[in-house]
Participant: 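What follows is a structure written as structure tokens; I'll ask about it next.
Labels below follow one simple rule: chain letters A, B, ... track the order of the sequence lines, proteins then strands, and each chain is numbered from 1.
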Amino acid sequence: MYAANSLASSVYDAIRSRCTAIKLDDVLAIVEEPTRKEFGDLSLPLHRLSRICGLNISDLKEVISGLQLNNLFSKSYVANGYLNVFINEVNYAKLLADIIKSVGGRYGFIEDVSKLNIVVEFVSANPVHPLHIGSGRNAVLGEFLSRVFEVRGHRVQRRYYINDLGRQVAVLVYGYIRLGRPEIPSDVKPDEWLGFIYAVTNTVLDIVELRDELSKLSTVDQDIVSAKRLELDGLIAVLNELRARDESLVDKLVESINEDVDPNKSVEDLMIRYEEGDPDVKEVFRYVVNMVLTGMSSTLSRLGIAFDKWDWESDLVFSGLVKELIELARKSEYFTIHKGAPALDFTSLQGEPVKLLLKLPKNVEIPPLILMRDDGTALYVTKDIAYSITKFKDFNADLVVNVVGNEQTLAQAQLRLALYALGFKDEASRLLHYSYELVMLPGIKMSGRRGRYVSVDQVLDNLEVRVEDIMRSRGAVVDEHAKKVMSVGAFKYMMLSSSPTKVINFDPEIALNLSRNSAPYLQYTYARTSSILRKYGKDLDWGRIDFISASKPMRREILQHLSKFPHIITKVSKDLDPELLTTYLNRLADMFNSWYDVEPIIHEPDEGVRQFKLFLTYVSGIVIKNGLYVMGIEVLERI
RNA sequence: GGGCCCGUAGCUCAGCCAGGAUAGAGCGCCGGCCUUCGGAGCCGGAGGUCCCGGGUUCGAAUCCCGGCGGGCCCGCCA
């Protein structure tokens, strides 16, 4: 906000000789908006200023009384411990017009002085089922981060990490092989079809294992036995649920798995053979995973998200990178043997300075990190260390952001510590875990392993239907493009309008909001500004704008709000809080719509005033468009 | 047992990091505007022990401590 900056620097100039330690940013940080607008447009709490400066309040008042404010302000006064100032909206409007004239459609996107190379790794969902709404949240957040960095002038590389070496993929491949490696039906999405096989196979394998355990348990452990029985019943119920969806396929799969004497052993064999690079096994794995990824990509493209790189976990192993890393670890002073396995021990590292540098959780003792299994294969975090180094190297990255669920806080902390321990101290400090919470379904815990989830596609489909209903009810022709843009927008807006640290309780029955405080509302408001300017039909006549007319209450409020936009974007790019942006944009749309309702714009008789109103309309449109752009949401010229 | 995150209106959530003037939105509910630039809109109303208890402070939704409630993590899983 230009006014805030200007106020802060005037105050700073006035007090700097008396408060030696104070910095301009300290003053700027305490500028606030009064709770009631009668008090003024901006205020500075003197009690806070007194605290950071050291002068007592009466001295401050004295210094402040001689304050020289520039022409962006009309008056100032001290009351109730606050310095309140009023903006001179006429000069302020002129300033905004000058800025808009020079930056035009890029308004708000102030490039950072230092241009960074930033890698954003996101989504990275296990390639065993379609993207569910939890991954959807991740996808939307990752795209938002990427865009907010780009808009500030940084170079961004978007990466997806394909976890194809875990047990999960092996389970899917095993099921697929037991089915006789069928052609994937062309009338369903491959990720949905394979996701179903994955859920069935997983459930059957768990049943087999549980039965096995039960047969070995002595009858003495009655409590354990009955608990396991209950668990088994639950699994059988899940299997029946799945069977109801496709009887023949489930029966065929169950039958085939039952012919195998030790299915779980078979899965392990598959894992080992794949990691060894067995060509035949590799072919099936790659085929199956690629098919799932094809399905995911189409979901992602619905969301307007595209990755620059898809990284295969297996390639890290095949290329020898993981092996090199383990060698490096063996030579490290932190190398140890933990529970009989090669590991890194971080105990000596967890002093205050390192904790602070790596942003480790304060009161946690991070346990040793075991690097590999008995069979010599590497564990997930070990491979992730190798991957992190690759991400830094490939792109010469200044910052690597991992968009990863909050449940992996500890693993991510271990990752940073391991990098640090292995000599990648700088990288470790520049690796950011962007953490977000789960999306829960009311009553049901989502589970890919049990085939219980709501997919992103399902949600988008439902939203499209609802948007279409609204279009029809308005008697409009259903515009396919608009329908997509609004439904995708509604989804993204929902994911971005609540803080990433909060669990989202997603009820697919309770519809996503399509009225106020939603993407369609902002899109509608944008279309409205667009329509007004279209109807006007000419370019703004900058020279004829009557800036005096900025003083009418609603107009000057909108003006002030619009002027904050660059500051909002800058703050959002620093704090990485998407909800700050949604709140801001929604407020703007509210203001604009209220104003629109009471004042004619095109029909304004006074030409100078009319130009001013068109100017406000024009800038409101730009701000909504640019704000939505950062959120990954498109606008529509007409709806 | 230890740790991380969350608890604000019936519901979904801003505000908390950097304490300050009468705590804000949306949905839903009630009542108006039955449409001169786009009604997916506008105006008004009801609705709050800011989870509880202590502490710090001139001042606490905000900071600290202790509870309670919910989610998650503490694996030779990923």
Participant: Using atom names, set out every protein N or O paired with an N or O of nucleotides 74-78 of chain B below 3.5 Å, distance rounded to 0.1 Å.
Facilitator:
| unit_1 | atom_1 | unit_2 | atom_2 | d |
| --- | --- | --- | --- | --- |
| rC76(B) | O2 | Asp374(A) | N | 2.6 |
| rC76(B) | N3 | Asp374(A) | OD1 | 2.8 |
| rC76(B) | N3 | Asp374(A) | OD2 | 3.4 |
| rC76(B) | N4 | Lys339(A) | O | 3.2 |
| rC77(B) | OP2 | Arg373(A) | NE | 2.7 |
| rC77(B) | O3' | Arg373(A) | NH2 | 3.4 |
| rA78(B) | OP1 | Arg373(A) | NH2 | 2.1 |
| rA78(B) | OP2 | Tyr380(A) | N | 3.2 |
| rA78(B) | O2' | Asn126(A) | ND2 | 3.4 |

Participant: Take atom P in rU49(B) and the same atom in rC30(B), then report the distance between them in whole Å.
Facilitator: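 It works out to 23 Å between them.
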Participant: Do the charged groups of Arg638(A) and Asp479(A) touch, with an N to O distance under 4.0 Å?
Facilitator: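 Not counted as a salt bridge, because no side-chain N and carboxylate O are separated by less than 4.0 Å.
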Participant: Report yes if the side chains of Val169(A) and Asn163(A) come closer than 4.5 Å at any heavy-atom pair, otherwise no.
Facilitator: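 When only atoms from C-beta onward are counted, Asn163(A) and Val169(A) do not touch, as no gap falls below 4.5 Å.
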Participant: Can you tell me, in whole Å, how much space there is between the P of rC77(B) and that of rG70(B)?
Facilitator: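 About 31 Å, rounded to a whole number of Å.
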Participant: Tell me, for nucleotides 31-44 of chain B in 5' to 3' order, what letter each nucleotide earns: B for a base near a protein heavy atom under 4.0 Å, S for only sugar-phosphate near one, - for neither?
Facilitator: ------BBSBSSS-
Participant: If I take atom OH from residue Tyr274(A) and atom CG from residue Leu165(A), how far apart are they, to the nearest 0.5 angstrom?
Facilitator: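 The distance works out to 6.0 Å.
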Participant: Taking the P atom in each of rG26(B) and rA46(B), what is the distance between them to the nearest angstrom?
Facilitator: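 rG26(B) and rA46(B) have their P atoms separated by 14 Å.
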Participant: Base, sugar-phosphate, or nothing: which does Arg610(A) touch, judged by heavy atoms less than 4.0 Å apart?
Facilitator: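 Nothing, no nucleic acid heavy atom in range.
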Participant: Nearest whole angstrom, please: distance from the P of rA25(B) to the CG of Asn513(A).
Facilitator: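 The answer, rounded to whole Å, is 16 Å.
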Participant: Taking atom P of rG19(B) as reference, at what distance in whole Å does atom CD1 of Ile30(A) sit?
Facilitator: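 Going from CD1 in Ile30(A) over to P in rG19(B) covers 10 Å.
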Participant: Tell me whether Tyr596(A) contacts the main-chain N or O of Thr529(A) through its side chain, where contact means a donor paired with an acceptor under 3.5 Å.
Facilitator: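 It does not hold such a pair.
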Participant: Which value, in whole Å, describes the distance between the P atoms of nucleotides rG15(B) and rA25(B)?
Facilitator: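 Taking atom P in both rG15(B) and rA25(B), they lie 15 Å apart.
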Participant: Only pairs with both distances under 3.5 Å count, Watson-Crick or wobble alike; so what is the partner of rC37(B) in this structure?
Facilitator: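 Across any shown strand, rC37(B) pairs with none.
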Participant: For rG26(B), what is the paired nucleotide under Watson-Crick or G-U wobble rules, both distances under 3.5 Å?
Facilitator: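 Looking at the geometry, rG26(B) pairs with rC11(B).
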Participant: Parallel, tilted or perpendicular: which fits the ring planes of His132(A) and Tyr453(A), with parallel below 30° and perpendicular above 60°?
Facilitator: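 Tilted: the ring planes of His132(A) and Tyr453(A) meet at 30° to 60°.
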Participant: Give me the distance, rounded to whole Å, that separates rU57(B) from rG19(B) when you measure between the C1' atoms they each carry.
Facilitator: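 Nearest-Å result for rU57(B) against rG19(B) at atom C1': 9 Å.
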Participant: Taking atom P in both rU8(B) and rC63(B), what distance in whole Å separates the two?
Facilitator: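 Rounded to whole Å, the distance is 15 Å.
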Participant: Could you tell me whether Glu579(A) and Lys502(A) make a salt bridge, using a distance below 4.0 angstrom between a side-chain N and a carboxylate O?
Facilitator: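 No, Glu579(A) and Lys502(A) are not salt-bridged.
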Participant: Does the protein touch nucleotides 5-15 of chain B at the base, only the backbone, or not at all? Give it as B, S and - per nucleotide, heavy atoms under 4.0 Å.
Facilitator: SSSB----SSS
Participant: May I ask you to say what Asn586(A) touches in the nucleic acid, namely base, sugar-phosphate or nothing, with a heavy-atom cut-off under 4.0 Å?
Facilitator: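 Sugar-phosphate contact only - Asn586(A) comes under 4.0 Å of backbone atoms but never of a base.
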Participant: I need the CG-P distance between Leu42(A) and rA21(B), as an integer number of Å.
Facilitator: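 My rounded result for the distance is 16 Å.
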Participant: Measure CG/Asn517(A) against P/rA25(B) and give the value in whole Å, please.
Facilitator: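 Roughly 12 Å, once rounded to whole Å.
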Participant: If you draw the axis of the six-membered ring of Phe592(A), does the NZ or CZ of Arg528(A) fall within 45° of it and under 6.0 Å from the ring centre?
Facilitator: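 Ring-cation test returns no.
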Participant: Just to be sure I understand the rule, does Phe39(A) reach a base, reach only the sugar-phosphate, or reach nothing, if contact means heavy atoms closer than 4.0 Å?
Facilitator: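 Answer is base: heavy atoms of Phe39(A) come under 4.0 Å of a base.
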Participant: Would you say NZ of Lys625(A) has more than 12 non-hydrogen atoms from neighbouring residues, nucleotides or ligands within 6.0 angstrom?
Facilitator: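 Open.
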Participant: Would you mind pulling out the nucleotide paired to rG59(B), Watson-Crick or G-U wobble, both distances under 3.5 Å?
Facilitator: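 Per the H-bond distance test, none.
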Participant: Say we look at rC17(B) and rU62(B): how far apart would their P atoms be, to the nearest angstrom?
Facilitator: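 Straight-line distance between the two P atoms is 9 Å.
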Participant: Whole angstrom is fine here: how far is it from CD in Glu32(A) over to C1' in rC16(B)?
Facilitator: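 It works out to 14 Å between those atoms.
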Participant: Under a 3.5 Å cut-off for both distances, is rC42(B) Watson-Crick or wobble paired, and to whom?
Facilitator: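 Base-paired to rG32(B).
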Participant: Taking atom NZ as the centre, does Lys355(A) end up with more than 12 heavy-atom neighbours from other residues, nucleotides or ligands that are less than 6.0 angstrom away?
Facilitator: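 Above 12, so yes.
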Participant: When all nucleic acid strands are considered with a 4.0 Å heavy-atom cut-off, which category describes Lys571(A): base, sugar-phosphate, or nothing?
Facilitator: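 Result for Lys571(A) = base.
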Participant: Check the angle between the aromatic planes of His561(A) and Tyr584(A) and answer parallel, tilted or perpendicular using the 30° and 60° thresholds.
Facilitator: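 Ring orientation of His561(A) relative to Tyr584(A): parallel.
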Participant: Closer than 4.0 angstrom, basic N to acidic O: yes or no for Arg610(A) and Glu607(A)?
Facilitator: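 Counted as a salt bridge, because a side-chain N and a carboxylate O are separated by less than 4.0 Å.
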Participant: Taking only the P atom of each, what is the distance from rA60(B) to rC51(B) in whole angstrom?
Facilitator: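 Comparing P positions in rA60(B) and rC51(B) gives a spacing of 15 Å.
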Participant: Find the distance between OG1 (Thr377(A)) and CE (Met271(A)) and round it off to the nearest 0.5 Å.
Facilitator: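 Between atom OG1 of Thr377(A) and atom CE of Met271(A) there are 6.5 Å.
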Participant: Does a side-chain N-to-carboxylate-O contact under 4.0 Å join Glu32(A) and Arg48(A)?
Facilitator: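 Answer for the salt bridge query: yes.
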Participant: Round to a whole Å and report the spacing from CZ of Arg48(A) to P of rC58(B).
Facilitator: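 Interatomic distance, CZ of Arg48(A) to P of rC58(B): 17 Å.
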